[in-house]
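First comes the structure, then the notes that go with it.
These values consider heavy atoms only, across backbone and side chains, with no hydrogens, waters or symmetry-generated copies. What you see is a predicted model, and the numbers here were worked out from it, not measured in a lab. First listed ligand is number 1; within each ligand, the first listed atom is number 1.
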Amino acid sequence: MNGGYMGKILFVDLSTETIKEEVLDEKMCRDFIGGYGIGARILYSRQKAGVDPLGPENTLGLITGPLTGTPIPGSARYAAVAKSPLTGGWGDANSGGYFGPYLKFAGYDGVFFTGISSKPVYLLIDNGSAQLKDAGYLWGKDTYETEDVLMVEYGKQSHVACIGPAGEKLSLIGCIMTDHGSALGRSGLGAVMGSKKLKAVVVRGNMEVAIVDKAAIENPKKEQLKFLETFMSQGLSLMEQQHKYGTGAMTYGSAHSGDTPVKNWGGVGVIDVPDRSGLHHDVFAACVEKGHACWHCPIACKATLKAGEGEYRYAAGCHRPEYETAAVFGVNCANNNAESINMANDICNRAGLDTISAGTIISFATELFVNGILTLKDTNGIDLKWGNHQAMVAMTMKLAKREGLGNILADGVKKSAEKIGKEAEQFAVHIGGQELGLHDPKLASGRTEAAARYQMDATPGRHTAGFGPAGFMNKVVNAAGLCTAGAPNKYMAEFLKAVTGWQWTTEEVLKAGERIANLRHAFNLREGINELKWAVHPRIVGKPPQTVGPLAGVTADIEAQVYWCLGALDWDRVTTKPSKAKLLSLGLDDIAKDLWP
Ligand code: SF4
């Protein structure tokens, strides 16, 4: 096996309690690299279309890339994949922390689960062997408690990916958590794990990731770090900024620039939250207990918080909110109270809820409340008005517990709107069932695919995915196991070459990204999904445009963006089917056969 790969993956059938080890196919690694690339290849090949996302036939995978756990900055990343219960199509999520590298140190590149266990279990992967263990005593515990109990049992060198009560209760915005606050957040994959009665996966090991040419990593790594240390923003280098403020460095500026959506995507920051002082990065920084990093990452953008001492009594050691969390529970809920955002973040992390979806749902419920579609009776007396941070936190707690109205909201805005009726749908901001990341594409409407990427990625609602050729490199960064925050794009061919020993040119890297994009898209086509038919809420693109503020008069021309990208991809502009020639040129012969019988 080439460098970077441990060469083995595990397949666990939870219904029969059988565990099989398979040798990783070299050609698959070369073609699909790792992470969600290999994940998509395995699910497309081995899972049939139309399975129930919460049924035994859905496959849940946790999979690393060849660069995960290497000395390259940001090499902590790994992916979770499955058919998403939120969108009914391809689902993936990505996280840093320690779990990914330690899965490799335990001897495996990935693990895939099918079936449903008859009782709660966890999987222990311990230095080359794996066994299922009873998790009855962990069921019901939050993600922090679950990790703590398992790490006492298996020692500090063990790492845990687990679900909390949200995943157990099949909340469709449930996520998988590691390291007290790192989330495999998107696509509702916590519900898939919960449906399988799989509480956790524990990894422990001391194997090494083989690197073919260690010295060849040094130059690109030096250049990458030099860029991060010298590129200035807000008077600090990118590296210093990330250390001090994390991704939350942009919360304050974005609140008024038109970048962060306001009041459920319907408001204007400068008008609706004129005082944004509570969202300043120094306010969040004052809450920090200590900074920390994902595995061996010099960028170290994470931090834990001191115990909340005021109105919100979160425990010390909880995770500092990322930009997306601070934005969605901040101005998107017309809120400028940092402590309440810390609290809402902690509630979600402990319950195992995707904060992007959870915060969007709270803003959706707030808008229903102020428009009289929900009443005090529906909210159990919670006065869910814009900017009422106590109400926002109280409703987040209900969401986490699936209590009262929270039981309806826990399945996302699309399904909630269908259940609530009374024209609630007009306030449900989502694409394909998934709530959106917190960067308004209207601000970047001049960019070729800023709005299209939200609609057309196989897992919709993401600003990080990219659509069309602009997204190819991102696919590889993600699949290889690197963090986009480290700005590694320029060095991907060199890193992959040094670690795996295969000759990689930038052209080949981009082709691999294109192959992954086509494969994820083909998964959706096989499920009967044409992403073009996913309705885009008019607020996302500015139809009609806002009349005041930085986005006044702006409508993102999403149709033109999609048209351009579909052409560049050689995908049909009506059916979105990739051409047969394109699929064959990428070596996706089986998909060409499926789509062009
Ligand atoms: S940049 Fe931040 S999120 Fe990315 S790997 Fe490093 S510490 Fe983790």
Side-chain angles (χ1 to χ4, degrees), residues 34-36 64-80 93-105 159 161 175-186 209 217 220-221 223-229 231 233 236-251 281 284-285 288-305 317-327 345 349 354-356 437-438 462-465 473-474 476-492 495 499:
Y36 66 11
T64 62
L67 306 188
T68 310
T70 64
I72 298 167
S75 64
R77 312 294 297 194
Y78 66 105
N94 182 287
S95 178
Y98 283 71
F99 181 89
Y102 273 82
L103 175 55
K104 286 176 81 170
F105 306 155
H159 293 279
C175 63
I176 304 169
M177 300 294 299
T178 61
D179 302 302
H180 284 190
S182 289
L184 291 147
R186 311 254 58 203
V209 180
I217 290 177
K221 181 176 161 184
E223 266 191 52
Q224 185 190 4
L225 290 175
K226 197 168 147 204
F227 170 75
L228 294 167
E229 279 159 4
F231 187 90
S233 175
L236 297 169
S237 73
L238 274 186
M239 189 84 106
E240 289 167 332
Q241 192 195 57
Q242 291 292 319
H243 282 331
K244 201 164 173 191
Y245 303 121
T247 52
M250 68 178 93
T251 308
H281 26 279
F284 284 102
V288 166
E289 176 187 53
K290 57 177 187 233
H292 73 97
C294 298
W295 185 82
H296 278 208
C297 180
I299 304 160
C301 72
K302 307 215 165 207
T304 53
L305 301 183
C318 67
H319 203 264
R320 171 172 66 190
E322 302 284 348
Y323 160 76
E324 303 281 337
T325 311
N345 185 43
N349 286 346
D354 174 17
T355 54
I356 293 176
L438 277 295
R462 278 174 163 166
H463 64 282
T464 49
M473 183 55 86
N474 172 285
V476 175
V477 170
N478 193 317
L482 292 191
C483 183
T484 51
N489 292 17
K490 201 172 146 193
Y491 316 105
M492 285 309 293
F495 282 147
V499 171

*Would C301 count as a contact for atom 4 (Fe) of ligand 1, in the sense that one of its N, O or S atoms lies under 2.8 Å from it?*
no
_Under 3.5 Å donor-acceptor, S182 side chain and S95 backbone_ = no
*asked:* Under 4.0 Å, heavy-atom basis, I'd like to know which part of R77 is in contact with ligand 1: side chain, backbone, both or neither.
replied: side chain
*Atoms of ligand 1 less than 4.0 Å from A485 heavy atoms?*
1 (S)
*Between W295 and F105, ring centroids under 6.0 Å*: yes
*K244 (side chain) donor-acceptor with A249 (main chain) under 3.5 angstrom*: no
*Do E229 and S237 meet the criterion of a side-chain donor-acceptor pair at a distance under 3.5 Å?*
no
*Heavy atom of the protein closest to atom 8 (Fe) of ligand 1 (residue, atom name, distance)*: C294 SG, 2.3 Å
*State the atoms of ligand 1, each with its element, that fall below the 4.0 Å cut-off from a heavy-atom position in C483.*
1 (S), 3 (S), 4 (Fe), 5 (S)
*Tell me: protein heavy atom nearest atom 6 (Fe) of ligand 1, and distance?*
C297 SG, 2.4 Å
*asked:* Under 4.0 Å from a heavy atom of G74: which atoms of ligand 1 are those, numbered in the order shown and with their elements?
replied: 5 (S)
*Counting distance only, does the side-chain N/O of K302 pair as donor-acceptor with the main-chain N or O of G181 below 3.5 Å?*
no
*Side-chain donor or acceptor of K104 paired with backbone N/O of T64 under 3.5 Å*: no
